[in-house]
Undergrad: 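Following this message is one structure expressed as structure tokens.
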Amino acid sequence: MLLVIGIILKDDYSIILIQLSKISLIAYLPILFLCASLGMIQGLILYRLAKPYQTNFKISEGILFAFSGSFFNSVTPLGGGQVSLTYILRKKHFSYTEIAAILWKDFFLFQLALIITVTMILGISMKQALFDFPKTAAWILFGYCINISVLLFLYSMNRFPQLYIKISSLLILFLKKLHFIQDPETLFIKGKDMIDQFNIHTSQLKQNKKETFLIIITHGCRLLLLYAVPYLIALLLQLPLTLEDLFRVISISCFVHMLNALTPLPGDVGWSEGMFIFLFMSMFTKSAAGSMMILWRFATFYLNIILGACCFIMLKRKYESSK
């Protein structure tokens, strides 16, 4: 983080330090609280998805699980959060099929809310984006397409289970030829049973449409609040803004999010900071965008790492002491 910030802001660091020194920590606390609340909302969603499988599952556990998953997503490449949540949910005695269903539902509904939200934003602001970032607009659309492809993949897992059973069988045969597995028939039966059970669990989304719709709306509102954080930070820095600029800031934040799909780096470190400054320079000076970036990145990323690490340690100690 320090290396990236040093490289990006080496020419403006004195101006940025002056701008940041004028900010009161007390005035910054509401923004930190808002960003922490976004993680709590994610925990509430995880709680609602997991409770049907264990009635004693608590909201506090959902929040701890959500922050722990956010921590591993931030410090590992692709899929770290899902692996950590699998580990924690197993400690809570969820079966692998239940865990797969919970994580699939959570990720699928988030991607669906993301695509709906971003589609509306792009529909309104794409003309402005072509004017402000003519060379970057194509990459923004490419990141948008990547997110759509992820959604289609998640949908196909539930819609075409037989296809994945066939793919699994071909993979097992391939591994058998390489002598990596000794009992392919038993492995295939177990794999088919897991896919069937997964399909049964995920079909609950269709059976409880009201709950599904509520979670999608919650994810959508959470995304809009996340995209609005730079606007609050700009106000904190006393940058020239009007209420009419709110949607433009939300749009640029959305563009940064779409561009993050182009990199597999843990937490998009380096790339995200650079894209933030590059895009927000269309509204502010480079030094102002740099000051915004430092406060934005801490509130939306490094705060989650700190909270997530603490939550994971708490969960690990809790489950180790209960053995």
Side-chain angles (χ1 to χ4, degrees), residues 9 12 15-16 18-42 44 110 113-134 136-137 139-141 143-144 147 214 216-260 272-304:
L9 305 177
D12 304 288
I15 300 175
I16 291 172
I18 293 173
Q19 291 175 333
L20 294 178
S21 65
K22 296 178 180 179
I23 297 175
S24 167
L25 178 60
I26 295 176
Y28 187 48
L29 286 177
I31 297 176
L32 296 180
F33 179 76
L34 171 64
C35 293
S37 298
L38 298 178
M40 296 179 189
I41 294 172
Q42 176 61 35
L44 178 61
F110 169 75
L114 175 67
I115 294 303
I116 293 172
T117 305
V118 174
T119 299
M120 291 190 295
I121 292 174
L122 288 178
I124 299 172
S125 60
M126 199 60 209
K127 184 177 180 180
Q128 183 69 37
L130 290 169
F131 177 79
D132 290 338
F133 328 108
T136 312
W139 292 107
I140 293 171
L141 289 174
Y144 172 68
N147 279 285
L214 179 62
I216 292 173
I217 292 296
T218 304
H219 270 309
C221 293
R222 180 171 163 269
L223 282 168
L224 289 175
L225 286 174
L226 178 64
Y227 293 157
V229 169
Y231 182 84
L232 300 177
I233 291 175
L235 292 177
L236 183 64
L237 290 167
Q238 299 180 354
L239 299 177
L241 278 177
T242 65
L243 187 60
E244 295 177 354
D245 292 320
L246 175 58
F247 183 75
R248 189 177 177 190
V249 170
I250 288 175
S251 298
I252 295 176
S253 298
C254 172
F255 298 158
V256 173
H257 194 180
M258 291 301 98
L259 289 170
N260 285 345
S272 187
E273 289 89 345
M275 289 300 99
F276 184 94
I277 293 176
F278 174 73
L279 295 185
F280 273 101
M281 280 173 57
S282 65
M283 292 186 67
F284 310 104
T285 63
K286 183 182 177 184
S287 61
S291 299
M292 286 177 60
M293 182 274 291
I294 292 174
L295 297 177
W296 166 77
R297 197 61 167 149
F298 181 82
T300 61
F301 181 65
Y302 294 103
L303 178 65
N304 279 334

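From a predicted model like this one, the values you see are computed outputs, not experimental measurements. Only heavy atoms go into these numbers, but all of them, side chains included; no hydrogens, no water, no symmetry mates.
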Undergrad: Do you know which two heavy atoms are closest between L241 and A234, and how far apart they sit?
TA: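 Minimum heavy-atom separation between L241 and A234: CD1-CB, 3.2 Å.
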Undergrad: Is any side-chain heavy atom of F284 closer than 4.5 Å to a side-chain heavy atom of L237?
TA: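 They are not in contact (no side-chain heavy atoms under 4.5 Å apart), so the answer is no.
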Undergrad: Do other residues, nucleotides or ligands put more than 12 heavy atoms under 6.0 Å from L29 CG?
TA: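 More than 12 heavy atoms, drawn from other residues, nucleotides or ligands, come within 6.0 Å of this atom.
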Undergrad: Can you check whether V118 reaches Y227 side chain to side chain, under 4.5 Å on heavy atoms?
TA: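 V118 vs Y227: side chains touch.
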Undergrad: In terms of ring plane angle, is the pair F298 and Y28 parallel, tilted or perpendicular, where the classes change at 30° and 60°?
TA: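 It falls in the tilted class, 30° to 60°.
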Undergrad: Given side chains that start at C-beta, do those of M292 and L239 come closer than 4.5 Å, heavy atoms only?
TA: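 Yes, at least one pair of side-chain atoms sits under 4.5 Å.
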Undergrad: Can you list the steps and then say if T218 with L44 is a side-chain contact (heavy atoms from CB on, under 4.5 Å)?
TA: CA-CA 10 Å; T218 304; L44 178 61; over 6 Å; no
Undergrad: Quick check: closest heavy atoms across I216 and A113, and the distance to 0.1 Å?
TA: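 Distance-wise, the nearest heavy atoms are O-CB, 3.5 Å.
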Undergrad: As an exercise, state the distance from CZ of F110 to CG of N147, rounded to the nearest 0.5 Å.
TA: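 Spacing of CZ (F110) from CG (N147) equals 8.0 Å.
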Undergrad: Does any N or O in the side chain of Y144 come within less than 3.5 Å of the main-chain N or O of L122, such that one atom is a donor and the other an acceptor?
TA: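 No.
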Undergrad: Say you draw a straight line from SG of C35 to CG of L226; how long is it, rounded to the nearest 0.5 Å?
TA: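 So the SG of C35 and the CG of L226 are separated by 7.0 Å.
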Undergrad: Any sub-3.5 Å donor-acceptor pair from T285's side-chain atoms to A288's backbone N or O?
TA: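 Confirmed, T285 side chain pairs with A288 backbone.
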Undergrad: Mind listing the closest non-hydrogen atom pair of I26 and P30 along with its distance?
TA: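 In terms of heavy atoms, the two residues are closest at O-CD, 3.2 Å.
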Undergrad: Could you pull out the closest heavy-atom pair between P240 and D245, with the gap in Å?
TA: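 Closest approach of P240 to D245: O-OD2, 4.4 Å.
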Undergrad: Does any part of the side chain of F255, heavy atoms only, come nearer than 4.5 Å to the side chain of D132, both counted from C-beta?
TA: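 D132 vs F255: side chains apart.
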Undergrad: Is there side-chain contact between I31 and W296, with at least one heavy-atom pair below 4.5 Å?
TA: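 A side-chain contact under 4.5 Å is absent here.
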Undergrad: How long is the straight-line distance from CD1 of I140 back to CE of M126, given to the nearest 0.5 Å?
TA: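 With rounding to 0.5 Å, CE (M126) is 5.5 Å from CD1 (I140).
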Undergrad: To the closest 0.5 Å, what do you measure between OG1 (T136) and CG (L259)?
TA: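 It comes to 7.0 Å.
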Undergrad: If you define the side chain from C-beta out and look only at heavy atoms, does anything of I277 sit under 4.5 Å from K286?
TA: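 Touching, per the 4.5 Å side-chain cut-off.
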Undergrad: State the CD1-CZ distance between I252 and F276, to the nearest 0.5 angstrom.
TA: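 Reported to 0.5 Å precision, the distance equals 9.0 Å.
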Undergrad: Nearest 0.5 angstrom please: L114 CG to T119 OG1, how far?
TA: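 That separation rounds to 8.5 Å.
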Undergrad: List the atom of A137, the atom of A129, and the distance in Å for their closest heavy-atom pair.
TA: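 Heavy-atom minimum between the residues: CB-O, 4.4 Å.
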